[in-house]
Amino acid sequence: MDGVQSMKIVMKFGGTSVGSVAALKNVVQIVQSAKNDGHRPLLVVSAMSGVTNKLIAAATAAEAGDENAAHAARAEIEQKHADTTRELLGDSAERDAVLAEVIRLLDEFETLCHGIRVLGELTPRALDVISGLGERMNAPQVAAILRANGLPAAAVDARQLIVTDKRHGAATPVIDATAEHTQSALHPLLAAGKIPVITGFIAATADGVPTTLGRGGSDYSATIIGRAIAADEIWIWSDVNGVMTTDPRIVPDARTIRHLSYVEVGELAYFGAKVLHPRAIRPARQANIPVRMLNTFDPTHPGTLIDGNIRTDGRAVKAITAIKDMSIITIAGTGMMGIPGVAGRTFSAVARTGTSVLMISQASSEQSICFMVKTAESPTVIAALEEELARELERRDLDEISVQDETVILAVVGAGMKGTPGISAKVFGALGRAAINIIAIAQGSSEYNISLVVAQGDANAAVRLIHDEFDMGQEST
Ligand code: ADP
Ligand code: ASP
Ligand code: MG
């Protein structure tokens, strides 16, 4: 390791990266090679792939009165851990200890689901306890597998590290308390040469009530912990070669983007690139910690480096994303110009529902406001708006509040767009030639993003057309 600087590296392994025997063998190799290079790795791990979905589906079924779903989910999850540990830990005390913990947590799961079925109610607080069980089963498992391979790992429950507010399902960390707890728990382990294996996704309030950071939140756990311990780098290990020009499942010739700035990747994540949780970039950006997006199944691929440098690489547009299952809500009326504060009242009413507005489109005529929310949240939003604007609707100052489902936001992203004329014209030209209708348009505040709305049925074609129009599949020269 001559000449290599020793770095403190937070490595996050996602669901597929810890979801099979083959993947876990790669994890061992990756950690081993980081150690061989003289680095000090800390792991953040998700639940094994599919586990969180099963836990949530069973809890939801219990609320609807289904008695059997929890039992079936329990059997599948237990089997998955039993099979994995049989292969990787053999017949050992380590395996017995891991399985005992898995069984204890699954007993807790069944008890909780029973309570939910009896009460007929699944509270956000209970859902957080249930959905976080997968990480609590997996961190001890991964730690035991590392130890079985000669790596001195210790499982750590992130509820002891990350302190959040009380917003169940999408909690936000309290920075100072998190830094204090994380440092005092992890520094002794690091000083003793241990490799902490920390549960992703879960956290707790200052009173110790369990919370979660939102679906896909283990990425966020990694950057929160990275900032708290002043990591040198954060490596997010997933099942793709870094951040790509678009979702490779939609466009097979999508290509790895070698470098992105925090702002660009923030736009991509916000607008649907599932490869990184939308809130995960903020802690890294605040502490200026480089983030690498890497592939557990192709560990030598350089992936994507994310940092504060803005490089255009000779390209105005770097990537295109799509967020599906959106609804466009329009408030329209010829009397709207005369009513002061309609926009303010509209967005305050939406904010009170706790829903986030993903895009607001400007209407030049001032006779309508339109914005995008997730379809699952649109009934709540509509109800809140009908209440807030009841008087105006009754007086016919406002004609209607309408909603169009099955729409998609496309976001075209790249730092080089700033100040480059003609980007929108190229986007619209490509879609126009294919007769794809654009329902709404917005320019992102950062000027690194143009977003547009199309019908869900047109989305994949639109992504492919825009990807081709900007030659995103070609290596830049
Ligand atoms: P993990 O469980 O490791 O967190 P995710 O499934 O959450 O992994 O995210 C990785 C997936 O994100 C990839 O398999 C890929 O299909 C999808 N994805 C969507 N957009 C992109 C993109 N622009 N670049 C790379 N992957 C993307
Ligand atoms: N296991 C959690 C989820 O499926 C968190 C994560 O994977 O990042 O959402
Ligand atoms: Mg993810």
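What you see is a predicted model, and the numbers here were worked out from it, not measured in a lab. Every number for a ligand or one of its atoms is a count from 1 in the order of the listing.
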Regarding Asp219 and Arg279, does a basic nitrogen lie under 4.0 Å from an acidic carboxylate oxygen?
no
Atom 25 (C) of ligand 1: which protein heavy atom is closest, and how many Å away?
Gly242 O, 3.4 Å
Between Asp128 and Arg125, does at least one N-O distance fall below 4.0 Å, as a salt bridge requires?
no
Pull out every atom of ligand 2 sitting under 4.0 Å from any heavy atom of Ser46, numbered as shown with elements.
6 (C), 7 (O), 8 (O)
About how many Å separate CD1 of Ile130 and CD of Glu110, when rounded to the nearest 0.5 Å?
11.0 Å
shortest atom 15 (C) of ligand 1-to-protein heavy-atom contact is with Asp247 OD1, 3.8 Å
Numbering as shown, the atoms of ligand 2 that approach Arg215 to under 4.0 Å (heavy-atom distance):
3 (C), 4 (O), 9 (O)
Nearest protein heavy atom with distance in Å, relative to atom 23 (N) of ligand 1:
Met244 O, 3.0 Å
Evaluate Asp219 for polar contact with ligand 2, using N/O atom pairs at a separation under 3.5 Å.
no
Of the listed options Gly303, Ser238, Gly272, closest to atom 3 (O) of ligand 1 (non-hydrogen atoms)
Ser238
Among all protein heavy atoms, pick out the one at the shortest distance from atom 1 (N) of ligand 2; state its residue, atom name and that distance to 0.1 Å.
Glu135 OE2, 2.6 Å
Look at atom 2 (O) of ligand 1 and say which protein heavy atom is nearest, naming residue and atom and giving the distance to 0.1 Å.
Gly15 N, 3.2 Å
Closest to atom 26 (N) of ligand 1 among protein heavy atoms sits Val275 CB, 3.6 Å
Indicate, as side chain, backbone, both or neither, the part of Ser218 found under 4.0 angstrom from ligand 2 when only non-hydrogen atoms are considered.
both
Kindly confirm or rule out an N or O of Gly216 lying under 3.5 angstrom from an N or O of ligand 2.
yes
For atom 6 (O) of ligand 1, grab the closest protein heavy atom and report residue, atom and distance to one decimal in Å.
Lys274 NZ, 3.0 Å
Which residue and atom name correspond to the protein heavy atom nearest atom 14 (O) of ligand 1, and how close is it?
Asp239 OD1, 2.8 Å
Looking at Asp247 and Arg249, does any basic side-chain N land under 4.0 Å from a carboxylate oxygen?
yes
To the nearest 0.1 Å, how far is atom 4 (O) of ligand 1 from its closest protein heavy atom, and which atom is that?
Lys12 NZ, 2.9 Å
Any heavy atom of Gly15 closer to ligand 2 than 4.0 angstrom?
no
What residues, two or more places apart in sequence or in another chain, satisfy salt bridge (charged side-chain N to carboxylate O under 4.0 Å, His left out) together with Arg159?
Asp157
Looking only at distances, please establish whether an N/O atom of ligand 1 is found under 3.5 Å from an N/O atom of Arg249.
yes
